[in-house]
Structures are given as structure tokens and as C-alpha cells.
2 protein chains.
Amino acid sequence: MSPSTVRPAVDRLKALAHPARLRILALLREEELCVCQVREVLGMATSTVSEHLAGLRRADLLEERREGRWVYYRLKSPDGTKAFLDGLWSLLEGIPQVAQDRRACAEVLRRPVGTVCRPGPQPRPERARRAAAPR
Amino acid sequence: MSPSTVRPAVDRLKALAHPARLRILALLREEELCVCQVREVLGMATSTVSEHLAGLRRADLLEERREGRWVYYRLKSPDGTKAFLDGLWSLLEGIPQVAQDRRACAEVLRRPVGTVCRPGPQPRPERARRAAAPR
DNA sequence: GGCTCATTTCGTCATTCTCCGAAATATTGT
DNA sequence: ACAATATTTCGGAGAATGACGAAATGAGCC
């Protein structure tokens, strides 16, 4: 009773209960993204974005994948959360900010290679594949 | 963009992202309860319980009903949250604390009338009807 | 090694949350 | 009106959270 067995569920909910993190999750529902791409869409300091991503990851809602200098995050549906996440998507349906972020993200992904993450001389993030059905 | 359109969804999630409030919601899924009954199960100060209930109510997840000196709270599913709440229930499935609270609550409801809320001379809370399907 | 850049971690400050007892409010009964 | 009881609101102390720049870390390239 001390560490309270509701903790895992609460931690997951806490991870979602923040505007930035909720927007991030909505973005990652569409495609995997690296930190600087997310920063571009949200318009917050890189360290802040990184911390939010870490929070979602700690809650086991995201997983990361390193590619060169970039770290890509993508959605993860741990056991027992599938139905919950489906419910969450319905909660996000029709939220203007979410739709707007989606457009901003598409814009970012359309930018000439090297203008998001600085024009690094090397393995530019050339892609970010679709990962889930848009709706 | 200033007040952020994700606010309503975030507020709802924030309301849930707390052990006490999550436990309360799980309890109220079964039946409506008055403040002192909830206090009995959670074992926190009355004022604390009242504040948590108020929080869930502000998030539009509960509605209240006054009966004599007692205020009964019950679950409410505002538009667009039905699917989300269904997902939430699945998240609560199998959490020991939730099951334990359920038992403790049954115990409280079984107590001889007047031993939970003090033996008031009058319209004792004689009932607390089933309000939703257990699972 | 040294340079560059993406990301994470750290230090700090401001804000918000959470809890509880005390005081205020509401309702009923005498 | 007064007493009794359930609930809400208030005040404040302590903890947790969130934002950002600065410093540290990691990867690739010369």
C-alpha cells in the first residue's frame, strides 16, 4: 500500500497531462521524429523538448532509436495500454492545436534537407516514415 | 493559441493523474458515494477528499447531488469522453489497489446504518445504488 | 586528437500541487 | 435561534513540476 499500486497507471497519466507532451504524442502517432524536428514544431528550447520526450519515455509510452547524431522517438504501446491509447486518440480528435501541429510538422518534413537540423555534412535525417494510420 | 486548445484534454488528464483521484474514479464507477464514505475508504482528511472530488468535478468527470447534509458524487461521461473512459477502465483492470478499495467500499456500505457518517438523527444515507456495469 | 552539432543532464528559479487543520457554509432537528 | 453534522473554503508549509541556459555527453568527420 505504501508505494501504491496505482503508481504505474498514474505515472502514465501524469506523463500525458501536459500540453507539450500531449502534442508530442499526437505528433508521434503519425511518424517518428527526432528531437530537433519536434522542437521546430513546438517552438520550445531543445532541452525542454528533450526532457518532455524523456518523460514520455520513462512512462514507457515512447521508444528511442539512435541514428548518427540524431535520436528518433516513436510511439510504443506497452502491454495493457492499447485500449487506453485508442481512447486517448478519440480524446484528441478535433482539437485544433493538434491539427495545426500536424500541418506544421508536414511543413518541417517538407523542408529542403538540412534546414531543420543544421546542414550537417553527413547522414542527414533524410526520412521519417509513416508509422501509423492517420486516423 | 495562447490559452492552448489542448487545455481541456490536459485538464481532464491532470484530474486523473493522481493516486487518490484515480482511486476515487474507480470507486465511483461502481456506485455513487458521499464524501464521508469516500473518506472512509481512502483514509484521508475529509477536506482533502472534498478537494479531490471538486477537482474531478471541475474536470467535468463527476456530478454531484445533494441529499440532506450529504453530497453524493457520481460518474459523468461528458461528450467525447466515452471512448476515453472505456480505455481508462482497461488501464485500471487488475490493479490490486483498485480491487482492494472495492472490497473496502463494500465493507463500508455494509456497515450498520449510521456508523459511517455519524449516527445523525435524521435522513441517514440509507442507500447507494448501483450506477454502472462492474465490468 | 580536435571540431561540429544533436542531445542529455545539471542548476536554478518560479509556479503549481497536495495535504491538513481551522474556519466558514449548509442542512436538519429541537 | 441553537445545536449537531457534512461539506466546502481558506491559509500555509512542504513537495513536485516546468522552463531555460550552461555545461556535459555522444557520434561522426577531418
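So that the names make sense, note that chain A is the first sequence line, chain B the second, and so on, each numbered from 1.
- For the pair A:Leu33 CG and C:dT7 P, the computed distance is 11 Å after rounding to whole Å.
- Protein atom CG of A:Asp11 is 9 Å distant from nucleotide atom P of D:dT17, rounded to whole Å.
- B:Arg7 has its CZ atom 12 Å from the C1' atom of C:dT16, to the nearest Å.
- Taking atom CD of residue A:Glu67 and atom P of nucleotide D:dA27, one finds them 13 Å apart after rounding to whole Å.
- In this structure, CZ on A:Arg69 lies 10.5 Å from SG on A:Cys36, to the nearest 0.5 angstrom.
- A donor and an acceptor atom never sit less than 3.5 Å apart when one is taken from the side chain of B:Glu51 and the other from the base of C:dC17.
- Here the rule is side chain to side chain contact (heavy atoms under 4.5 Å, CB included) with B:Arg74, and of B:Glu64, B:Arg29, B:Glu32 only B:Glu32 fits it.
- Using a 4.0 Å heavy-atom cutoff across all strands shown, A:Arg21 reaches sugar-phosphate atoms only and no base atom.
- Summarising the geometry, the separation between CZ on B:Arg65 and P on C:dT27 is reported as 14 Å, rounded to the nearest angstrom.
- Of the two residues near DNA chain C, A:Lys14 and A:Ala54, the one whose nearest nucleotide lies more 5' is A:Ala54.
- Using a cutoff of 4.0 Å between basic side-chain nitrogens and carboxylate oxygens, A:Arg65 and A:Glu63 are not scored as salt-bridged.
- As rounded to whole Å, 11 Å separates atom P of C:dT7 from atom CD of A:Glu64.
- For C:dC20, one of the phosphate oxygens OP1 or OP2 lies less than 4.0 angstrom from a side-chain nitrogen or oxygen of B:Thr48.
- Using a 4.5 Å cut-off on side-chain heavy atoms (C-beta onward), A:Pro78 and A:Arg12 make contact.
- What separates CE of A:Met44 from P of D:dC20 is a distance of 5 Å, to the nearest Å.
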